[in-house]
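Below: one structure, written as structure tokens.
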Amino acid sequence: MSERYNAANVEPRWQKVWAEGDVYRADDNSEKPKFYALEMFPYPSGRIHMGHVRNYAMGDVVARYKKAQGFEVLHPMGWDSFGMPAENAAIEIGGHPKDWTYGNIKAMKEPLNRLGFALDWSREFATSDEAYYKQQQNVFLKFWDNDLVYRKTAKVNWDPVDNTVLANEQVIDGKGWRSGAVVEQRDMDQWFFKITHYAEELLEGLETLDRWPEKVKTMQANWIGKSEGLEMRFKWVDGDKVIGDKIYTGTEVFTTRPDTLYGASFIALSPDHPITKVLAKENSEVESFRVDCAKIGTTEEAIATAPKLGFDTGLQVKHPFTGHPLPVWIANFVLMGYGTGAIFGCPAHDQRDLDFARKYDLDVTPVVLPDGEDAANYAIGTEAYTGEGTLFNSEFLNGSNKTDGITTAISKIEEMDLGKGVTNYRLRDWGVSRQRYWGCPIPVIHCGDCGVVPVPEADLPVALPYDINFDKPGNPLDRHPTFKDVDCPTCGKAARRETDTLDTFADSSWYFARFAGGNTDDAPFDKKIASDWLPVDQYVGGIEHAVLHLLYSRFFTRGLRDCGLLDLPSGEPFAGLFTQGMVTHAVFTDADGNFVMPADVDDKDGKLIHLETGKTITKGDVIKMSKSKKNVVDPNDIIEGYGADVARWFVLSDSPPERDVEWTEAGVIGAWRFANKVWALVSETPKMNPMSVATDAKDDALELRRFAHKAMAKITSGIESFRFNTSVAQIYELTNALKKYQANDDAKAEALGMLIRAIAPFMPHLSEECWAHLGGEGLCYHAPWPAVDENLLVEDSVTLPLQVNGKRRGEITVPTDISKEDAEKLALADPAVIRTIDGLTVRKVIVVPGRIINIVAS
RNA sequence: GCGGGCGUGGUGGAAUUGGUAGACACGCAAGACUUAAAAUCUUGUUCCUGUAUAGGAGUGCCGGUUCAAUUCCGGCCGCCCGCACCA
């Protein structure tokens, strides 16, 4: 008699058993080999979403699988709980960011636990816990002591109506999201982490990360952007100049293409270049040009996509080789943060320069001739040529290729004492100042006499005051009655406390070390314990973090190492990384353009209508689920309707983990049916030992064993290589084979025991229930991973496809160890082959042992 | 704009990484069971050639390398991620 699988009854029961047995607690002192499994911890938005379910289900598969393989597994969870949404909520709906945040944590923990993840909650913390940010401040001061922190001015988005700093995402089409005012750029004193100190190490370290996706390493390498180039001076045509209070002999530019120097037709300064700034003071036209540029925005994207804008300063420099004058422009696409903040424009061989030159009618002189082009007729149209070629129109460089031309040009400039070859990085230092309340206070004090003074360690934490309000825009810390007023720790005079808080990326740059090293109060973490667990063996998270979070963490672990807080010579926090794809869903909008939740949309004969209003709904792009677009599906509905195992199984089946998965209702039902199928199979079976090994099996029983071991081998390799969908397919096949098998013998017990243990990482509740039903010893969670008998994987015969001229015409079944000669003879004797090659001459027979036979005939 | 990735039946996807394209699943169709429905089971299901144990086409599009290309190379198209103050 089979009964329906009742997830609502079964799942809480096992969750209670696991909790009471405290089975997921990791032992720091275990003798077993250690395995640290970690998923990117969530921001407590208040609801879990399908992306969380997918992310944590993947990590859970790894954690449970490694446990079954005999590892001591650390699999912790916590909360990335500082950030803007809490402040936005306080502004929009009232309340306090702290209450909102901790309420959300409470609300999210329950459904997370309902999913049955093998998490060690004893190590839980939130980054907004005073105990955590106290240590965050401690780390900041240690970084300061080790010269990894400094202060400089940098630009921010300034909303002139709200008088507040805006995040990039709060600037929409150049306007403040609330006020609608045109956003300006404003210089502010800000704190920076010196990530560029490790630029080379961060780049070289990528080569050691053999369990990271290539694409992530490529993106990081490009982000660091190491380039060899030339930093050189273009001298003014009319001698040294006093600009402002400094004497300039010319202007310094950086270039990676000194081979194209003869193609230079102008010099372009950044709108933020020191010379530009001085000129702006003297000339209101320059100033208004700078103001225009400042409206574009601070992101590289905005600058790169904005129409090219230029201003001719009237200044001229001398070409170092020809002596010809070149005009000096100010151009909106030149970044102050990269190189020297000035370039020479070579329009023929750089697209941005070309766009600029065409707009302002500047010379375009090609100096690189592509292979096969004729020097006399070669001209540049609207596309710059950036490829390889032979230099021409370039006097002493003529005839060189790109690489040689670069070397020669650099030595020539060095000889002329106008510059030198340099290594440049695109990577900029990490600005961490945020003019916001809900973050970790930066532990420094500004004293009129002593300057910037760190808060003494004994005075930590600098706690966030609770009595704040969001009546007005801006940072409440800045207008708090007492927070700012402190005595200088050095001289004791009245001083001002720093009111900026740290970028929340700092919080998530070392949380994994605190998970491992404990909630210590005198140090960020226990050095020895944290160093024993680190690096994280398997990190799982979204591809959207490919650069920033992962790079910042790699910086932090190096900083912690060099401050003596962590024993991690490589500096690499994550030995293995997997970036999963996103959960996507179509966006629905009504006629007025309002977003509509999928749950409120009904499909009536192919027409989409709103459930309540009956209005027509339009299906839009399939994109990442996000609250703002309302294209979200609540996992709680799935868990309540079908159970946690079904939700987990669904997000892991079918789609390859690295790819985006589109949420569909139909897939859930399939997962639900499978769970029932497994339960039906097990509940109809009498008690039998799931740890059986049927070594005496013959005939059908032997066939089942072979099948089970082959499937098990593929299930295992699927998990090892993060292709859970292929493991799932093999589990389906094993289940189908077991359903067809009638006898209740040792072979069935073995295969069924394998099946139950194989599904355990995916559907832990169901597997415990099955394990208990069969009479398995202890918990399935503690059962070892099934061992595959290699001898059972070996086939004695193999079916080879027969191709004629690359087209399949038949197949033959031959012994696995057949010789090439015999295989060829059999292939040529095959009736289908004979029919196809009739009238043709066999030119060649290619035999790939165990794979294919291809006959080439004409 | 720049950097990175993805594209295979009606749908999600598989293909031991250059060797039988479409495993497995969803959906659909037919049948069995049932008073009936649900559930379950069986069979079929890339497209075209009116018949198929035969032939042809086919992995976004165009071209190339190879005995052999979903896989490698070049060029396009479409979509997604990131671009330093969203997390």
Side-chain angles (χ1 to χ4, degrees), chain A residues 2 4 40 42-43 45 80 82-85 154 156-157 165-171 190 195 213-216 218-223 225 298-306 333 337 351-352 355 426-436 503-505 508 542-549 551-552 579 581-582 584 621-624 653-656 658-662 664 666-667 669-671 673-674 676-677 680 714 717 723 725-726 728-733 736 739 799-808 810-811 835 843-846 848 850-857:
Chain A
S2 74
R4 246 335 157 55
M40 293 178 183
Y43 179 80
S45 61
D80 188 14
F82 272 139
M84 290 204 308
V156 293
N157 301 307
V165 176
L166 298 179
N168 283 335
E169 73 156 10
Q170 296 173 318
V171 180
Q190 313 223 41
I195 190 171
E214 279 307 317
K215 61 179 171 185
V216 175
T218 307
M219 280 189 259
Q220 293 216 351
N222 289 342
W223 187 265
T298 55
T299 71
E300 271 195 20
E301 182 190 4
I303 292 163
T305 50
F333 62 92
Q351 192 60 45
R352 289 170 305 180
D355 295 343
R426 201 185 77 101
L427 182 69
R428 311 199 294 259
D429 277 332
W430 175 11
V432 292
S433 288
R434 298 291 180 270
Q435 295 72 35
R436 295 180 207 292
D503 179 5
T504 57
F505 266 125
S508 54
I543 183 66
E544 64 271 27
H545 295 291
V547 176
L548 293 182
H549 162 59
L551 191 64
Y552 290 153
T579 51
M582 292 167 308
T584 61
D621 293 341
V622 175
I623 56 167
K624 173 180 171 177
S653 56
D654 283 4
S655 276
E658 72 278 6
R659 216 183 281 184
D660 291 350
V661 58
E662 186 184 355
T664 59
I669 294 165
R673 273 192 210 148
F674 176 68
N676 273 291
K677 205 163 161 181
K714 289 181 190 164
S717 76
R723 293 177 306 158
N725 54 321
T726 63
V728 165
Q730 290 301 319
I731 289 171
Y732 282 135
E733 298 222 32
N736 291 340
K739 272 185 79 90
T799 300
L800 296 178
L802 302 176
Q803 291 185 337
V804 177
N805 293 330
K807 283 201 163 65
R808 186 178 182 279
E811 59 181 37
R835 199 175 342 118
R843 301 285 174 196
K844 202 170 166 189
V845 179
I846 293 144
V848 184
R851 282 285 157 77
I852 203 166
I853 298 169
N854 189 13
I855 295 151
V856 186

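Letters A, B, ... mirror the listed sequences (proteins, then strands); counts begin at 1.
The CZ-P distance, from F333(A) to G1(B), rounds to 16 Å in whole Å. Separating the CD1 atom of I852(A) from the P atom of A68(B) is a distance of 12 Å, rounded to the nearest angstrom. Note: CZ (R851(A)) to C1' (G18(B)) measures 10 Å, nearest angstrom. Rounded to an integer number of Å, the gap from W223(A) CH2 to G82(B) C1' is 7 Å. Distance, W430(A) CH2 to C83(B) C1': 17 Å, rounded to whole Å. The distance from atom CG of N736(A) to atom C1' of U42(B) is 13 Å, rounded to the nearest whole Å. Distance F505(A) CZ to G82(B) P: 10 Å, rounded to the nearest Å. The nearest whole Å value for the distance from the CD atom in E169(A) to the P atom in C86(B) is 6 Å.
Nearest nucleotide to the side chain of Y43(A), out of G27(B), G12(B), A87(B): A87(B). Distances from the side chain of A167(A) to the nucleotides C67(B), C85(B), A14(B) place C85(B) closest. For P85(A), whose side chain is taken as the heavy atoms from C-beta onward, the closest listed nucleotide among C85(B), A87(B), U20(B) is A87(B). Residue T305(A) has its side chain nearest to G1(B) when only G1(B), A84(B), C24(B) are considered. Checking G19(B), C24(B), G13(B) against every side-chain atom of S655(A), the shortest atom distance belongs to G13(B). Listed nucleotides: G13(B), C85(B), G82(B). Nearest to the side chain of E544(A): G82(B). Checked against A57(B), A84(B), C85(B), the side chain of D503(A) finds its nearest nucleotide in C85(B). Among C67(B), A23(B), U40(B), the nucleotide with an atom closest to any side-chain atom of E733(A) is A23(B). Among the nucleotides C41(B), U20(B), C86(B), the one closest to the side chain of K739(A) is C41(B). Comparing G19(B), G1(B), C81(B) against the side chain of Q803(A) picks out G19(B) as the nearest.
Of the residues near RNA chain B, G806(A) and P801(A), the one whose nearest nucleotide (by heavy atom distance) lies more toward the 5' end is P801(A). Residues Q170(A) and V547(A) both approach RNA chain B. Their nearest nucleotides, taken by heavy-atom distance, put V547(A) toward the 5′ side.
When the P atom is compared between G9(B) and U59(B), the two are found 9 Å apart, to the nearest whole Å. Across the P atoms, C77(B) and C85(B) are found 33 Å apart, a figure rounded to whole Å. Rounded to whole Å, the separation between the P atoms of A32(B) and A37(B) comes to 12 Å. Only the P atoms considered, A15(B) is 13 Å distant from G22(B), to the nearest whole Å. Taking atom P in both U71(B) and A14(B), one finds a spacing of 15 Å when rounded to whole Å. Nucleotides A29(B) and C67(B) place their C1' atoms 41 Å apart, quoted to the nearest Å. For the C1' atom pair drawn from G12(B) and U8(B), the interatomic distance equals 12 Å after rounding to whole Å. Nucleotides C73(B) and G18(B), compared at atom P, are 11 Å apart to the nearest Å.
Within 3.5 Å, no donor on the side chain of R843(A) pairs with an acceptor on the base of C67(B), nor the reverse. Remark: the N168(A) side chain and the C85(B) base include no donor-acceptor N/O pair separated by less than 3.5 Å. Under 3.5 Å, the side chain of Q190(A) and the base of C85(B) form at least one donor-acceptor pair of N or O atoms. No N or O donor and acceptor, one from the side chain of E300(A) and one from the base of C83(B), sit under 3.5 Å apart.
R436(A) comes within 4.0 angstrom of a base, heavy atoms only.
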Step by step, would you call K714(A) with E733(A) a side-chain contact (heavy atoms from CB on, under 4.5 Å)? CA-CA 11 Å; K714(A) 289 181 190 164; E733(A) 298 222 32; over 6 Å; no
Check step by step if side-chain contact (heavy atoms from CB on, under 4.5 Å) holds for L551(A) and L427(A). CA-CA 11 Å; L551(A) 191 64; L427(A) 182 69; 3.9 Å; yes
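Base pairing annotation: U40(B) forms a Watson-Crick or G-U wobble pair with A32(B), both donor-acceptor distances under 3.5 Å.
Using a 4.5 Å cut-off on side-chain heavy atoms (C-beta onward), F505(A) and V432(A) make no contact. A 4.5 Å side-chain heavy-atom check between H545(A) and T579(A) finds every atom pair outside the cut-off.
Phosphate contact (OP1/OP2 of U40(B), side-chain N/O of R673(A), threshold under 4.0 Å): present. Between R428(A) and C85(B), a side-chain N or O to OP1/OP2 separation shorter than 4.0 Å is absent. Here R659(A) reaches the OP1 or OP2 of G7(B): one of its side-chain N or O atoms lies under 4.0 Å away. For N725(A), no side-chain nitrogen or oxygen approaches OP1 or OP2 of G12(B) to under 4.0 Å. Taking 4.0 angstrom as the limit, N222(A) places a side-chain polar atom (N or O) nearer than this to OP1 or OP2 of G4(B). OP1 and OP2 of C24(B) both lie 4.0 Å or more from every side-chain N or O belonging to R723(A). Within the structure, every side-chain polar atom (N or O) of T299(A) is placed at least 4.0 Å from both OP1 and OP2 of C83(B).
With its glycosidic angle within 90° of 0, U17(B) adopts the syn conformation. Taking syn as a glycosidic angle within 90° of 0, G9(B) qualifies as syn.
By the 4.0 Å N-to-carboxylate-O rule, R428(A) lies close enough to E300(A) to be salt-bridged with it.
Under 3.5 Å, the side chains of K844(A) and N854(A) contain no donor-acceptor pair of N or O atoms.
Smallest separation of non-hydrogen atoms from A546(A) and V216(A): O-CG1, 3.5 Å.
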